[in-house]
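Worksheet: the structure to be examined is printed underneath.
Lettering of chains follows the sequences in order, A, B, ..., and the numbering in each one begins at 1.
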Protein chains: 4
Amino acid sequence: MNTVSKSQKKRDALVKATISLVNNNGFHATPMSKIAKMAEVSAGTIYLYFENKQDLVNQVYIDVKAAFSKFAFKDYEEGGSVNKGFEIIWKNIAEFKLMKVEEAMFLSQCDNTPIVDEPSRKEGLKHLQPLLDLWERGKKEEIIKPVSPYMLYAFSIYPIAFLMNMQEREIFKLTKENIDEAYEMAWNSIKI
Amino acid sequence: MNTVSKSQKKRDALVKATISLVNNNGFHATPMSKIAKMAEVSAGTIYLYFENKQDLVNQVYIDVKAAFSKFAFKDYEEGGSVNKGFEIIWKNIAEFKLMKVEEAMFLSQCDNTPIVDEPSRKEGLKHLQPLLDLWERGKKEEIIKPVSPYMLYAFSIYPIAFLMNMQEREIFKLTKENIDEAYEMAWNSIKI
Amino acid sequence: MNTVSKSQKKRDALVKATISLVNNNGFHATPMSKIAKMAEVSAGTIYLYFENKQDLVNQVYIDVKAAFSKFAFKDYEEGGSVNKGFEIIWKNIAEFKLMKVEEAMFLSQCDNTPIVDEPSRKEGLKHLQPLLDLWERGKKEEIIKPVSPYMLYAFSIYPIAFLMNMQEREIFKLTKENIDEAYEMAWNSIKI
Amino acid sequence: MNTVSKSQKKRDALVKATISLVNNNGFHATPMSKIAKMAEVSAGTIYLYFENKQDLVNQVYIDVKAAFSKFAFKDYEEGGSVNKGFEIIWKNIAEFKLMKVEEAMFLSQCDNTPIVDEPSRKEGLKHLQPLLDLWERGKKEEIIKPVSPYMLYAFSIYPIAFLMNMQEREIFKLTKENIDEAYEMAWNSIKI
DNA sequence: GATGAATGAGTCTTCATTCAT
DNA sequence: AATGAATGAAGACTCATTCAT
């Protein structure tokens, strides 16, 4: 007996196909028929798993965002130093963006485009709380600048998406050293 | 005699309509007919000014990017200190993103999405040279970190787009003080 | 031991669901899946009882027509006076149309629409023979007008369907007195 | 220069095709593509003249009903005797139903089916007023039975539809004499 | 007998693009 | 130059029917 049901496998294939095709063509230029074909499933089958096209992207977005968040807090424990804690999280995020390029690109497109609806956006944000908590503590300990978390995010986390985009376009290559340098830049921007 | 011909007015109206509609609905959810209607022009007329839909976005992208670049180097002269020069450019860019929201949102969507083709992307990049030159000089003078300009861009310029997005969604508000803080963060991330 | 088998119950439920849904939405706007759901039966199960959708309506039509005919000749015996016999039958039919509205509406829709096939139409007509016989006798006795039975039906029986439709749309209300008046009109049209 | 514009010709062709196809297959079994083909028009063109399929039937229904009503009161003038007035109207209606079979069948299907929406039904009813007025006068003059106009309609006008249906199915043939007999039956049912 | 997931042909509708005026 | 009616290919979605369980 399988631990992963046949149904789950199909849903997974659909999610994966959606990510790949939306990355390459954009949401509206990706027909359901192509998603079905890539997932090796009939066109009608999509509608057994998702209500409609909008529901499909929404769910894929939430799924991927959840996986991203889980990855972001790998090996992170709340008690440690702000400094070290941020480094762990930042490097996790960087690793995700560089290793799981497909997923990361998909999130980037959703986050800069009106294809995902507001409720799903909200849902996707939920999991980032530990980072916000860490920053809050960092501010109290006067290690982190006393500015809005949106500012902290903009200057320390968001830039990774740009680097990922450039890497994807083969304009720029991220190496081990690069990453350490990038981390330095992120930290410099938010530390007091 | 008018300095702006009737033709130019129509082209401008089409460009403006495209920006507005693509911002709100995305490229593929924006029909040519709606663009025509908003520009108060017949559907067929678009094809007198642009080859097809792809050509339309490409040209709009290049236009807006040119306007953006021009704005970015307002009041900037190449000879001055790296420090001051960067501040001028950065604040120009920030001003653009916060004042010309429509244009800025459009660029953000194009830059994170496969709707504009690669040649147009390249074309749009051309005008940023003075900033790259400034950074190069900054590196020589050991004021700017000796890292790839993509890294510099990612951490100092790209974050502004995130703040703009948040402001647009009314999640976050940029004020005078905020902007100075943001500039601080940008500068801290790239300075040695 | 049950007189009604489990199978028969399912078939009955399917027939009932079909009547109700076709009444409200029309035949082609009624999916098999909805019929199945309303009958609390799996979609595939329908095909154990009926060959396909066409066969389903056909059979439902024949069933309902049979029930209708049976009801029409309740308390009627062939030997009595034409006058009295017709009154009994007519009032039975009126009662059916006004009490069993669902069934009557279904018949009305089938009789004015190409959804039931010709063989089933013929089959459904079979049971009306006693009325035709009565009319035939009435003509011989020079009580009933010597015209085609289709004419007799058109002017004496068919009008009830119109009244039922109006009642169903809550445009017109049939009361005890109304019915007697209606019967008068029916009789006046066919009597010599 | 034509008195009938090219546009009007196309709309007419679409209306005609709709009537014919809905008669033979029913509304929901008539694809827009077939209507387009029969009207010798591209599928997309339908949507220049009608908002959607529902709007198409609604408009066709209203159109046909208007033509029917106009025909019904041909040669009729309000001042004459109730008796004669009714005969003129009744025979006009009969002539319409037997000459313009396509249109009449279409109306019959719409009137016994939920394919036309309620507002359009109301709209279609408007034109029958002169007949209602005549009946009202007939009641005052104690020539017509003092019953609801729905009853009068059911027994005198509605039966014609049945005869038309039978004729269409080649089960029954309406001749000159038949029609006079039928008129007799209609009049007998409503006269005092 | 019974289920319901899966199929894929078929439907309505949209929209980029053309072309006669 | 400008129009906008017309096209028809393509897309989202539905649903009758099948079949492995």
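Side chain A:Ser33 to base F:dG11: no donor-acceptor pair is found below 3.5 Å.
Atom P of nucleotide E:dA2 and atom NZ of C:Lys9 are separated by 13 Å, given to the nearest angstrom. The NZ-P distance, from D:Lys53 to E:dG10, rounds to 15 Å in whole Å. If you take CE of C:Met32 and P of E:dG4, they are 16 Å apart, rounded to a whole angstrom. When the P atom of E:dT17 is taken as reference, atom CD1 of B:Ile46 falls 10 Å away, rounded to whole Å. Nucleotide F:dT17 holds its C1' atom 13 Å from the CD atom of C:Glu51, rounded to whole Å. Put simply, NZ on B:Lys37 is 13 Å from P on E:dA16, counting in whole angstrom units. One atom, CG of B:Asp55, and another, P of E:dT17, lie 10 Å apart when rounded to the nearest Å. One interatomic measurement links the two molecules: CG of A:Leu14 to P of E:dA6, which rounds to 10 Å at whole-angstrom precision.
A donor-acceptor contact under 3.5 angstrom links the side chains of C:Asn58 and C:Gln54, judged on distance only. No donor-acceptor contact under 3.5 angstrom links the side chains of C:Asn23 and C:Ser20, judged on distance only.
Contact annotation: B:Tyr47 does not reach the phosphate of F:dA2 (side-chain N/O to OP1 or OP2, under 4.0 Å). Phosphate contact (OP1/OP2 of F:dT7, side-chain N/O of D:Thr45, threshold under 4.0 Å): present. Taking only side-chain nitrogens and oxygens, A:Lys10 never comes nearer than 4.0 Å to OP1 or OP2 of E:dA5.
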Using the rule given for side-chain contact (heavy atoms from CB on, under 4.5 Å), can you reason through A:Tyr49 versus A:Asp55, listing the C-alpha separation, both sets of side-chain angles and the distance that settles it, and then say yes or no? CA-CA 10 Å; A:Tyr49 296 89; A:Asp55 182 48; over 6 Å; no
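Positionally, the nearest nucleotide of DNA chain F for B:Ser42 lies more toward the 5' end than for the other of B:Ser42 and D:Ala43. When the nearest nucleotides of DNA chain E are assigned to B:Phe27 and C:Glu40 by heavy-atom distance, the more 5′-ward of the two goes with C:Glu40.
For the pairing with B:Asp12, the side-chain hydrogen bond (donor to acceptor under 3.5 Å, both in side chains) check across B:Lys10, B:Lys16, B:Gln8, B:Lys9 returns one residue only, B:Gln8. Put simply, the residue from B:Asp111, B:Thr113, B:Asn112 that forms a side-chain contact (heavy atoms from CB on, under 4.5 Å) with A:Asn112 is B:Asn112.
Remark: side-chain polar atoms of B:Lys53 are paired, donor with acceptor, to backbone N or O of B:Phe27 under 3.5 angstrom. Put simply, the side chain of B:Arg11 never gets that close to the backbone of B:Ile46: no donor and acceptor are under 3.5 Å apart.
Here the side chain of A:Val41 is nearest to one of F:dA2, F:dA16, E:dT7, namely E:dT7.
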In dot-bracket form, how is DNA chain E paired, counting a Watson-Crick or G-U wobble pair only if both its distances are under 3.5 Å and using | for bases paired to another strand? .||||||||||||||||||||
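Among the atoms of the strands shown, only primed sugar atoms or phosphate atoms (P, OP1, OP2) are found under 4.0 Å from some heavy atom of C:Tyr49.
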